[in-house]
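Presented below is the structure to which this report refers.
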Amino acid sequence: MLKIIIFLFIGKGEGIVISPHVSGHLLGGTVWKITKDGEDVIYAVDFNHRKEKHLNGINQASFVRPAVLITDAYNALNNQPYRRQKDKEFTDTIKKTLRSDGNVLLPVDTAGRVLELVQILESCWADENLNYPIFFLTYVASSTIDYVKSFLEWMSDSIAKSFEKTRENAFILKRITLLVNKSELDNAPDGPKVVLASMASLEAGFSHDIFVEWATDPKNLVLFTERAQFGTLARMLQADPPPKAVKVTMSKRVPLVGEELIAYEEEQNRIRKEEALKASLIKEEESKSVQGADVSMSDPMVVDASNTHSLLDAAGPHGGGYRDMLIDGFTPPSTSAAPMFPFYENNSDWDDFGEVINPDDYVIKDADMDQGAVHVGGDMDGKLDEGSASLILDTRPSKVVATELTVQVKCSLIYMDFEGRSDARSIKSILSHMAPLKLVLVHGTAEATEHLKQHCLKHVCPHVYAPQIEETIDVTSDLCAYKVQLSEKLMSNVLFKKLGDYEIAWVDSEAGKTENGALSLLPISTPAPPHESVLVGDLKMANFKQFLSDNGVQVEFAGGALRCGEYVTLRKVGDASHKGGGSGTQQIVIEGPLCEDYYKIREYLYSQFYLL
């Protein structure tokens, strides 16, 4: 299922079109394409061209010859094996540890790349009928999977089609148990198990505590699936060689007692009194200012008993037409034509993003929290267990006690790249295909950025920028774009030919101006000069091979060329080996003697293009 969302702007942004495209990195990950006056600016950071179990890769055909391409050099020095091979190595490593009676810890994020790992493990366990338990342990594990179940149309084609045909949801997990509290893991039966726990950095969270418990056993395995940030425990363990011991901080929240509790309560009472006093002073000042404004403006609500009776008498014995509209104490000023009660206009402040709001208006009060829909139970239907509920609702004063431990690292430590980013070889190929006029490299180490920059200067485009943090660069287009109208006289004599989703034609014209001064293309006043024939199209050698085979020609690939029959060879050049070849002129070289087969193959080749 294909969904296309396009943002169109009016006013100052008129003519700008912003369209999001699938990045293939995360669920909801986006490559942004910004179009203005026929030129594209593409922001493609953290993209993946490979089709995975739960995500499609980027559609490279949507990004050809942009004016500016902004991308990253994060993976410019790393190459990866094929996906099937990588998935097999991943599952084989886990199964080897389990069969050795060891446990496997995968430090993961809460709702990003972990979805791919979940699908890989679920599929492997189902195919091989494995019985080792798998636990997904985060505070939001159940709610994450519940939400993901409703986003199947944004996932891979295989998941979407499977649901359309069989109504089978790939994220109804049958082999993985969702946990939101570590006590549930502690109560699980003894034996080898796989645990996907947050956080990926090992600095805090469930993964931190489990690592401390499992690190001393040589049978266990800690399997990292992404490169950790500098300065984190996970980054230290990914070093080569890894440390034999690490210092970790264990934190625990305990309630305040004794003098600490008394001091805390006294401080809270003092703060409440100060806030109450401050609120009363503000209220008093506001009331004074309102009263002063009412008196100065001769507020019609001011009570004047002396005028009340005269006003009622003026209504007459039978009651005037306004008798029912008057209230005791209401005295309209003598200058008013149509008396009314005071009305104060609420003038809101506005900025570039709309009305300025007060965040305090949206703060949930404690009383509302107590009455919230927090269900306490042991099921996993998006509800919290007793431990998690008590953690959220516990308002007792407490403090965090931290202790430092030295942990001996005897378990196995392995890193496998499941970050969902294109590798170096693929990035270079994709950039050659896109063939941008200008390229901006961000988000990468200095070494990786410089390596990719030099490659692109040589093979992709002559304008490559690698700005530093907070550095400003000018990537203004060198092209001059003009809007012109196609006159009716010109278009009436144009013959269009269908090319995919488009119609193309050769036009000979001259520029002129309309009555309102706009540029227009008009028919030329002299006979059109002859022009060389132009072949338009994009030949895919694999498709042409099938076409020749269907027409009875013996054909095979040999040495990067297409061998047709006994004597003729076709070779395609100027595609990925030339700068901008992905969208520039293709050259198809036909080699062979001038014979019947040569002319027949050439005729078949011409049929694959449109002649203008």
Next on the checklist: Closer than 4.0 angstrom, basic N to acidic O: yes or no for Lys88 and Asp92?
Outcome noted: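 Yes, Lys88 and Asp92 are salt-bridged.
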Checklist entry - Do Asp87 and Arg83 sit within salt-bridge range, that is, some charged N less than 4.0 Å from a carboxylate O? => result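 So Asp87 pairs with Arg83 through a salt bridge.
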Which pair of heavy atoms, one from [X] and one from [Y], lies closest together, and at what distance?
| X | Y | value |
| --- | --- | --- |
| Leu223 | Phe90 | CD2-CE1, 3.3 Å |
| Ser201 | Thr232 | O-CB, 3.9 Å |
| Ala466 | Thr449 | CB-CG2, 3.6 Å |

How long is the span from the [atom1] atom in [X] to the [atom2] atom in [Y], to the nearest 0.5 Å?
| X | Y | atom1 | atom2 | answer |
| --- | --- | --- | --- | --- |
| Phe544 | Leu605 | CZ | CG | 5.0 Å |
| Leu196 | Leu121 | CG | CG | 6.0 Å |
| Ile427 | Leu77 | CD1 | CG | 9.5 Å |
| Ser607 | Phe547 | OG | CZ | 4.0 Å |
| Thr97 | Ile414 | OG1 | CD1 | 6.5 Å |
| Ile145 | Ile176 | CD1 | CD1 | 7.5 Å |

Contact between [X] and [Y] at the side-chain level, heavy atoms closer than 4.5 Å - yes or no?
| X | Y | answer |
| --- | --- | --- |
| Arg227 | Asn75 | yes |
| Phe557 | Met541 | yes |
| Val507 | Leu521 | no |
| Ser23 | Asp46 | no |
| Leu69 | Phe63 | no |
| Leu452 | Leu431 | yes |
| Pro243 | Leu237 | yes |
| Leu27 | Tyr147 | no |

For the backbone of [Y] and the side chain of [X], can you confirm whether one donor and one acceptor N or O come within less than 3.5 Å of each other?
| X | Y | answer |
| --- | --- | --- |
| Ser162 | Ser158 | no |
| Lys438 | Thr476 | yes |
| Trp125 | Tyr132 | yes |
| Asn220 | Cys411 | no |
| Glu203 | Leu233 | yes |
| Thr30 | Gly28 | yes |
| Ser549 | Lys545 | no |
| Ser429 | Arg425 | no |
| Arg571 | Ala561 | no |
| Ser207 | Ala200 | no |

Item to check | side chain to side chain contact (heavy atoms under 4.5 Å, CB included) evaluation trace for Lys149 with Ile172 | outcome: CA-CA 7 Å; Lys149 290 176 185 176; Ile172 296 179; 4.3 Å; yes
Counting only heavy atoms not in [X], do more than 12 sit closer than 6.0 Å to its [atom1] atom?
| X | atom1 | answer |
| --- | --- | --- |
| Glu503 | CD | yes |
| Gln85 | CD | yes |
| Phe496 | CZ | yes |
| Glu128 | CD | yes |
| Glu471 | CD | yes |
| Tyr415 | OH | yes |
| Glu603 | CD | no |
| Glu447 | CD | no |

Item to check | Candidates Lys458, Glu450, His451 - the one meeting side-chain hydrogen bond (donor to acceptor under 3.5 Å, both in side chains) with Gln454 | outcome: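 Going through Lys458, Glu450, His451 one by one, the side-chain hydrogen bond (donor to acceptor under 3.5 Å, both in side chains) with Gln454 is satisfied by Glu450 alone.
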Checklist entry - Can you name the one residue among His49, His25, Arg50 that meets side-chain hydrogen bond (donor to acceptor under 3.5 Å, both in side chains) with Ser422? => result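 Considering His49, His25, Arg50, a side-chain hydrogen bond (donor to acceptor under 3.5 Å, both in side chains) with Ser422 is found only for His49.
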Item to check | Six-ring centre of Phe135, Lys193 cation under 6.0 angstrom, axis tolerance 45° | outcome: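 That pair does not qualify as a cation-pi contact.
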Item to check | Lys/Arg cation over aromatic Tyr604: Arg602, 6.0 Å, 45° cone | outcome: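 Judged by the rule (NZ or CZ under 6.0 Å from the ring centre, within 45° of its axis), Arg602 is not positioned above Tyr604.
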Item to check | Residues Ser143 and Asp146: side-chain donor-acceptor under 3.5 angstrom | outcome: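 No pair is found: no donor N or O on one side chain lies under 3.5 Å from an acceptor on the other.
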Item to check | Worked check of side chain to side chain contact (heavy atoms under 4.5 Å, CB included) between Val64 and His433 | outcome: CA-CA 7 Å; Val64 177; His433 171 79; 3.9 Å; yes
Next on the checklist: Strictly by side-chain hydrogen bond (donor to acceptor under 3.5 Å, both in side chains), give each pair with a member in residues 102-116 just once, sequence neighbours left out.
Outcome noted: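 Matches after skipping sequence neighbours: Glu52-Arg113, His54-Glu116.
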Next on the checklist: Once you measure the plane-to-plane angle for His455 and His459, does it fall in the parallel (<30°), tilted (30-60°) or perpendicular (>60°) bin?
Outcome noted: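 Geometry flag for His459 against His455: tilted rings.
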Item to check | Thr71: partners by side chain to side chain donor-acceptor pair (under 3.5 Å), with sequence neighbours left out | outcome: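 For Thr71 there are no side chain to side chain donor-acceptor pair (under 3.5 Å) partners, ignoring immediate neighbours.
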